[in-house]
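The structure appears right after this line, and notes come after that.
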Amino acid sequence: GNSVTQMEGPVTLSEEAFLTINCTYTATGYPSLFWYVQYPGEGLQLLLKATKADDKGSNKGFEATYRKETTSFHLEKGSVQVSDSAVYFCALSAGAGNMLTFGGGTRLMVKP
Amino acid sequence: EAQVTQNPRYLITVTGKKLTVTCSQNMNHEYMSWYRQDPGLGLRQIYYSMNVEVTDKGDVPEGYKVSRKEKRNFPLILESPSPNQTSLYFCASSRGQSGTGELFFGEGSRLTVL
């Protein structure tokens, strides 16, 4: 079946540091890949997505590239801010009608 | 404002006492789904619905029921809650069935079963 594996957190960084959160997946067919973000006390929000190999999704300074050869979709940001502190979920969609498979989530803490 | 609304946001109940968590969306979305979030396990899908009167099991449906009698509403029913259903629950909706995976989430309902 489909699965998503993320690096375990928490990830603690200082403001303006470079961020990488690793994500690898297992799926049949050609999945779409997503990063969702969950701020404290809120539901998940779509951060970015990529629907085919070599696509790069980007939003709010975050980027992730769909790497089919390594089955990866790592999230990166060049300079994090305190406001980026949240839980980040990698997910894939490869089944019928929008069924998403989520990774376990990675908590990011950014210190001033 | 486009949103997914869940109620209640917080609930403490006892084993065996039936409860319903309501979910409503105002975006005319065909697809709706329920997830539970547990530490270290991410989000796991309980049930989903691709349209009115069409529901199907997700990965962890045991102990839950759903119904989709209207497009905007998708309640989650726990007929006889047990402590292992203590969790944070999210309702989500999406336009169409294209598999784009862009879900809109509610703010969550934290349920504690004693």
Side-chain angles (χ1 to χ4, degrees), chain A residues 1-10 21-52 55 57 59 64 66 73 86-107, chain B residues 2-7 9-10 21 23-25 27 29-51 54-61 68 74 87-110:
Chain A
N2 299 330
S3 67
V4 176
T5 302
Q6 292 180 233
M7 58 189 294
E8 290 193 18
I21 300 178
N22 291 336
C23 171
T24 57
Y25 67 90
T26 302
T28 54
Y30 302 96
S32 296
L33 302 173
F34 308 85
W35 278 100
Y36 279 80
V37 58
Q38 184 181 28
Y39 298 105
E42 299 183 9
L44 282 72
Q45 305 171 26
L46 179 65
L47 179 61
L48 54 85
K49 69 178 182 181
T51 58
K52 61 182 187 294
D55 268 4
N59 186 25
Y66 189 144
F73 193 55
V87 181
Y88 292 82
F89 291 91
C90 186
L92 70 82
S93 175
N98 261 0
M99 291 182 69
L100 280 177
T101 299
F102 285 90
T106 303
R107 182 176 298 279
Chain B
Q3 59 186 5
V4 178
T5 304
Q6 299 178 223
N7 280 295
R9 295 288 312 280
Y10 302 91
V21 185
C23 174
S24 180
Q25 50 92 6
M27 295 170 279
H29 285 168
E30 285 82 11
Y31 181 93
M32 297 185 75
S33 181
W34 277 102
Y35 290 85
R36 60 178 288 173
Q37 183 180 16
D38 300 291
L41 297 177
L43 277 80
R44 294 178 292 168
Q45 191 176 49
I46 303 171
Y47 269 95
Y48 66 97
S49 169
M50 297 174 78
N51 216 324
V54 180
T55 63
D56 210 343
K57 297 178 180 179
D59 296 323
V60 288
R68 187 89 182 277
F74 191 46
S87 188
L88 179 59
Y89 292 87
F90 287 100
C91 181
S93 72
S94 179
R95 182 179 62 243
Q97 303 168 12
S98 61
T100 62
E102 186 166 355
L103 289 174
F104 292 81
F105 283 82
E107 293 184 316
S109 297
R110 185 168 294 281

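Since the structure is predicted, the reported quantities are computational estimates derived from the model, not experimental observations.
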Original post:
Which distance, rounded to the nearest 0.5 Å, do you find between the CG of Leu100(A) and the OH of Tyr35(B)?
Top reply: 4.5 Å

Original post:
Are Leu43(B) and Tyr36(A) close enough that some pair of their side-chain heavy atoms sits under 4.5 Å apart?
Top reply: no

**OP:** Please identify each residue that fulfils salt bridge (Lys or Arg N to Asp or Glu O under 4.0 Å) with Asp55(A), with sequence neighbours left out.
**Re:** Lys52(A)

**OP:** Check whether more than 12 heavy atoms from other residues, nucleotides or ligands sit under 6.0 Å from atom CD of Glu8(A), and answer yes or no.
**Re:** no

Subject >> Heavy-atom proximity to chain A below 4.5 Å, by part of Leu41(B) >> reply: backbone

Original post:
Would you find more than 12 non-hydrogen atoms of other residues, nucleotides or ligands less than 6.0 Å from Tyr30(A) atom OH?
Top reply: no

Original post:
Which bit of Gln38(A) is near chain B, if near means a heavy-atom gap under 4.5 Å: side chain, backbone, both or neither?
Top reply: side chain

Original post:
Partners of Arg9(B) by side chain to side chain donor-acceptor pair (under 3.5 Å), sequence neighbours excluded?
Top reply: Glu107(B)

Subject >> chain A contact via Gln37(B) - which portion, at a heavy-atom distance below 4.5 Å >> reply: side chain

